[in-house]
A.B. asks: 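Once you've had a glance at the structure underneath, I'll fire off some questions.
Just the heavy atoms: all of them, side chains too, but no hydrogens, waters or symmetry mates, feed the values below. Whatever order the structure lists ligands and atoms in, that order sets their numbers, starting from 1.
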Amino acid sequence: MSEATRVLVLNAGSSSVKYQLIDMVDGERLAAGLVERIGESEGRLVHSPHGGARRESAQAFPDHSSGLKAMAEELAADGVGLDSPELAAIGHRVVHGGRRFTAPTVVTDEVLTEIRRLVPVAPLHNPANIIGIEVARALRPDLPQVAVFDTAFHTTVPEFAARYAIDRTVADEHRVRRYGFHGTSHQYVSRATAQLLGKDPAEVNVIVLHLGNGASASAVAGGVCVDTSMGLTPLEGLVMGTRSGDVDPGVIFHLHRVGGLSVDEIDDLLNRRSGLLGLCGDNDMREVLRRAGEGDADAELAFQAYVHRLRKYIGAYYAVLGRVDAIAFTAGVGENAAPVREAATAELESLGIAVDPELNSVRSGEARVISPAYARVTVAVVPTDEELEIAQQAFALVRRS
Ligand code: AMP
């Protein structure tokens, strides 16, 4: 029998599932795809086989189960079906692992129960992740299903940074504390940054700036996360595409008491109608940059507010780490928006931070240094790869067990 070296990675959202089939021998993507608009009258499946033409089909997916079955059929058509003996595990992105899940975990009934217990702190994400696991389990009951948690990398954040300064009895009763998210990306990028520097992760202190539609910063000391900008939920911290990031909690009371908004309306406002979108009407940084370049005042303000918050976190994490060896930009904005990287690091020479304009303007999918050789802190662009990290963690776990 051939050795099982493939991992299927599933990222199940409320109405979509992203998937990748990865061969762990060389990290090659054997297939990647997306099932979307699950539960709507018309859904869509986009499937890209390795080296082949992308296939797209429109059909209704009444539930996640039908979506994943359609994915399984596409994989089977490429000769890499779920029944393949080469499949070693299915790795699942699970957003909230609370304090208990500090590492990837093989899913058992008991583990599922615990993930379910965390639904109140991740109502938008964990239910979909649970469905993804249940459906995958039904498709291949004999195969290890591995949960890789977005919060796990942040479970090392010390208690004084993870606690909100609120009554501890109330906080404990409702499990209110800072958990952090995007952990898989922060972990992957901090390690890849050390690699880029030719050093062991244990020797390197890195500030990771994950700037996608959601955005978060983390301070990683010697490979261990010591602080991160997202909190109980992914709302805290940086200015994001549609999320406000940090606001005075008093804003919420004010909007409720004086503005007459309900809690659900405020939730919607801060999560879906704020950030860049709230400030200028566009949540996509490309649009913000284009409009700002044409002199649009709202877009310019949105850009400056975004960058100002980013600079505050760079300064804060500099102080948290004491010594910074590298700052890594990643995700959609971090990897592509040179003006954001330039503005976020401008005039910080006294902290040893500088960016070389020419290196910063290079467009590439590779990890690369953009700071000049003389700078004490290496500034880098390091593309994230959450799927590969999930696959590696899942594979390492099933190999050990
Ligand atoms: P992600 O969540 O990592 O997929 O990032 C998505 C976001 O990246 C988009 O909403 C855009 O704001 C941003 N983005 C992608 N490409 C570019 C680009 N070329 N320039 C600026 N921003 C970009």
A.B. asks: Thinking salt bridges, do D172 and R163 make one under a 4.0 Å N-O criterion?
C.D. replies: yes
A.B. asks: Just verifying a value: how many Å separate E389 CD and S185 OG, rounded to the nearest 0.5 Å?
C.D. replies: 9.0 Å
A.B. asks: Using a 4.0 angstrom limit on heavy atoms, which residues are close to ligand 1?
C.D. replies: G212, N213, D284, M285, R286, A331, G332, V333, N336, A337, R363
A.B. asks: With heavy-atom distances below 4.5 Å as the criterion, would you say the side chains of N283 and N213 are in contact?
C.D. replies: yes
A.B. asks: With the side chain counted from C-beta on, respond yes when Y313 and L238 share a heavy-atom pair under 4.5 Å apart, and no when they do not.
C.D. replies: yes
A.B. asks: With sequence neighbours excluded, what pairs up with A221 under the side-chain contact (heavy atoms from CB on, under 4.5 Å) test?
C.D. replies: N205, V226, L321
A.B. asks: Let me know which of H96, H186, R93 forms a side chain to side chain contact (heavy atoms under 4.5 Å, CB included) with D150.
C.D. replies: R93
